[in-house]
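These notes are about the structure you will find just below.
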Amino acid sequence: MSETLENVTDAAGAQAPPEPLSEPMTIGVEAYVSEEYARAEGDRLWSRVWQQVARVEELPEVGDWLTYDIVDDSIIVVRTAKDRFRAYHNVCSHRGRRLVDTPPGAHDARGNGRQFVCGFHGWRYGIDGACTHVPEREDWPCGLTDERIALKQVAVDTWGGWVWINMDPDCGPLRDYLEPAASLLDPFQLENMRYRWRRWQVFDCNWKVAFEAFMETYHVPYTHPEFMKFGGFLGWARSHGLHSNIGYDAPKNMDENQAKLRVGTGDDPRVSTAELQTFTWENANTNTTWTLVEVAQELVKDLPEGTSAPEVLGHWLSTARAKDAERGVVWPTVPPEITAKSGTAWQIFPNFQIGHAPNNMLCYRFRPYGHDPDKCIFEAAVYELFPPGEEPETEWIHTPQDDPGWRTVLPQDFSNMAAVQQGMKSRGFSGPKPNPYRERSVVNLHHNLAKYMGTGAPRDLA
């Protein structure tokens, strides 16, 4: 088990300064249960932050568009050129009708075209945002200027293969907002990955309760006890300004085992790695690929008994890399120190998690469900590298909590969420008390929320 960051000493033997937010803290429950707080999030939070809305490849052709909804706002994102996207508020400038309606029960609205037509009075807009037709425009003797009736633009940019938007006209650059996560994740070339599957549903909990269920490893031995026979799954959490990341504790000669592609431990890491990979594939269908599973199943045959865990890890990953290369899947080369430092997942403020590896990733997005503090929209997507032209066709599938499509592992996480939301309202609960080492990401989320919301900052527990 690695040392906690608070006890690290420098080369001269001096005690290093404590990590930010490393003291025991507690958080009020207002952010989770207050309708007033939920309503204020629209103005104070969601209108001012960069948000991931889609993958670039979901809009491959000029004129392709989709919608993204957050609280009261709906945004249309459209590809206007081979290398350009634009985003607009999804509202007609005439009487305020939404230009595009999301079909009942659908994840979003999508289409292709060179104009948007309001279904109320027929006003038309080009994909450049200009209003191209106003029926009986001559009836307005003045005031109906082109600027006044154009669609209101929203900032849009791309990184990591995703399209991002920001409704704040004075927002800073996306790249600056994402640092240091962007620089540590760039070597993984996330833009080359494609969906393997994607599912969504509405949960009976606040979006922050759902997010916090996945931003730490402290829960693994207790929520997912079946994993413990494959090794230790406790880990660290670190704050990085707006964002945070998590990773697994590992011996100093196993720094790479802080990452998502981990070797199993125990008496025979060859056996435990194979069992872990098979179990993950069958019961979660996340955090691995079939190539990794196949190669892991051959470890006992390929390596002699007594092979050390670092050697098993090296052989497993190098063999899987070579096997993938034979079918046209090229993994990026990520320096070991970046693999260790980047950990297993990044929590991108305020509502997106990237669980990265060289050849696959698991990502979650969490959104409020209108102004209801007791509900949220939960989205999970698994990506991997595919041979060119062999990417599967996928779509967002609405998958209720009890649907077998979730397999068995994720429903264990789901079982905690509504129960936590209920418990937050108990007169006997004084507020969350996150582990200062393993759950620092939770404290960091609320530390940054308070900067936007003006309330709810974590307090010293002492």
Side-chain angles (χ1 to χ4, degrees), residues 1-5 8 184-185 187-189 193 217 220-221 224-236 245-345 355-362 384-385 409:
M1 195 74 84
S2 65
E3 296 177 288
T4 63
L5 298 177
V8 172
L184 283 168
L185 289 174
F188 290 87
Q189 299 177 15
M193 297 191 194
T217 60
V220 174
H224 311 295
E226 66 274 24
F227 276 99
M228 300 315 293
K229 67 179 180 180
F230 307 124
F233 284 85
L234 290 177
W236 45 262
N245 73 333
I246 58 176
Y248 291 114
D249 289 323
K252 290 182 179 179
N253 66 339
M254 285 284 286
D255 280 348
E256 287 185 89
N257 220 36
Q258 298 182 59
K260 188 164 66 174
L261 299 185
R262 305 185 73 225
V263 68
T265 58
D267 295 335
D268 193 335
R270 304 172 306 163
V271 174
S272 58
T273 298
E275 291 177 343
L276 172 59
Q277 287 297 302
T278 300
F279 180 87
T280 301
W281 180 263
E282 294 176 350
N283 292 276
N285 195 15
T286 63
N287 297 339
T288 190
T289 68
W290 183 240
T291 299
L292 288 167
V293 175
E294 282 188 309
V295 173
Q297 292 172 341
E298 299 295 315
L299 289 172
V300 171
K301 183 186 72 173
D302 293 346
L303 299 173
E305 185 176 357
T307 302
S308 68
E311 292 173 313
V312 171
L313 177 65
H315 175 83
W316 172 47
L317 295 183
S318 63
T319 304
R321 178 188 289 269
K323 187 178 181 71
D324 265 353
E326 292 174 0
R327 65 188 186 98
V329 173
V330 179
W331 298 17
T333 299
V334 183
E337 63 273 16
I338 296 296
T339 298
K341 192 173 182 179
S342 61
T344 65
H356 55 284
N359 68 339
N360 75 94
M361 62 180 169
L362 167 63
E384 68 173 271
L385 295 174
V409 175

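All values reported here derive from a predicted model rather than from experimental measurement. Basis for what follows: all heavy atoms, side chains included, without hydrogens, waters or symmetry-related copies.
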- Query: With no hydrogens and no angle check, is any side-chain donor or acceptor of Asn359 less than 3.5 Å from a backbone partner on Arg321?
  - Reply: no
- Query: Got a sec, which pairs hit ring-ring contact (aromatic ring centres under 6.0 Å, His included) with one end in residues 281-318, sequence neighbours left out?
  - Reply: Trp281-Trp290
- Query: For Thr339 and Phe188, which heavy atoms make the closest approach, and how far apart are they?
  - Reply: CA-CZ, 4.4 Å
- For Ala274 against Ala296, the heavy-atom pair lying closest together: CB-O, 3.2 Å
- Message: For Glu305, is the CD atom crowded, meaning more than 12 foreign heavy atoms sit under 6.0 Å from it?
- Response: no
- If you look at every heavy atom in Ser308 and Pro269, which pair is closest and at what distance? C-CG, 4.2 Å
- Message: How long is the straight-line distance from OG of Ser342 back to CD1 of Ile246, given to the nearest 0.5 Å?
- Response: 11.5 Å
Distance-only criterion, 3.5 Å: show the donor-acceptor pairs between side-chain atoms of residues 324-334 and protein atoms not counting sequence neighbours.
{"residue": "Asp324", "atom": "OD1", "partner": "Thr291", "partner atom": "OG1", "Å": "2.7"}
{"residue": "Asp324", "atom": "OD1", "partner": "Arg327", "partner atom": "NE", "Å": "2.9"}
{"residue": "Asp324", "atom": "OD1", "partner": "Arg327", "partner atom": "NH2", "Å": "3.1"}
{"residue": "Asp324", "atom": "OD2", "partner": "Trp331", "partner atom": "NE1", "Å": "2.8"}

- Determine the sole option in Thr288, Asn283, Val293 for which the side-chain contact (heavy atoms from CB on, under 4.5 Å) test with Thr278 is passed. Val293
- Item | Atom pair CG/CG of Asn245 and Leu185 - distance to nearest 0.5 Å | 8.5 Å
- Message: Please find the pair of heavy atoms, one from Thr344 and one from Ala259, that lie closest to each other, and give the distance.
- Response: CG2-C, 3.6 Å
- Query: How many angstroms lie between atom OG1 of Thr289 and atom CG of Leu385, to the nearest 0.5 angstrom?
  - Reply: 9.0 Å
- Item | Distance in Å, Glu294 CD paired with Lys323 NZ, rounded so as to fall on 0.5 Å steps | 5.0 Å
- Message: Once rounded to the nearest 0.5 Å, what's the spacing between atom OG1 of Thr273 and atom CG of Leu292?
- Response: 11.0 Å
- Task: Kindly give the heavy-atom pair with the smallest separation between Val295 and Ala320, and that separation in Å.
- Result: CG2-CA, 3.8 Å
- Query: Is there a donor-acceptor pair under 3.5 Å between the side chain of Thr307 and the backbone N or O of Val312?
  - Reply: no
- Message: Tell me whether Lys260 contacts the main-chain N or O of Asn287 through its side chain, where contact means a donor paired with an acceptor under 3.5 Å.
- Response: no
- Task: Could you please spell out the steps behind the side chain to side chain contact (heavy atoms under 4.5 Å, CB included) verdict for Ile338 and Leu184?
- Result: CA-CA 7 Å; Ile338 296 296; Leu184 283 168; 3.8 Å; yes
- Message: Restricting to salt bridge (charged side-chain N to carboxylate O under 4.0 Å, His left out), what partner residues turn up for Arg262, sequence neighbours left out?
- Response: none
- Under the 3.5 angstrom rule, does the side chain of His356 hit a backbone N or O of Gln189 as a donor-acceptor pair? no
- Under 30°, 30 to 60°, or over 60°: which ring-plane class applies to Phe279 and Phe230, parallel, tilted or perpendicular? tilted
- Kindly indicate, with the supporting measurements, whether the criterion side chain to side chain contact (heavy atoms under 4.5 Å, CB included) is fulfilled by Gln277 and Gln297. CA-CA 8 Å; Gln277 287 297 302; Gln297 292 172 341; over 6 Å; no
- Item | Taking every non-hydrogen atom, the tightest pair across Pro221 and Thr217 | CD-O, 4.0 Å
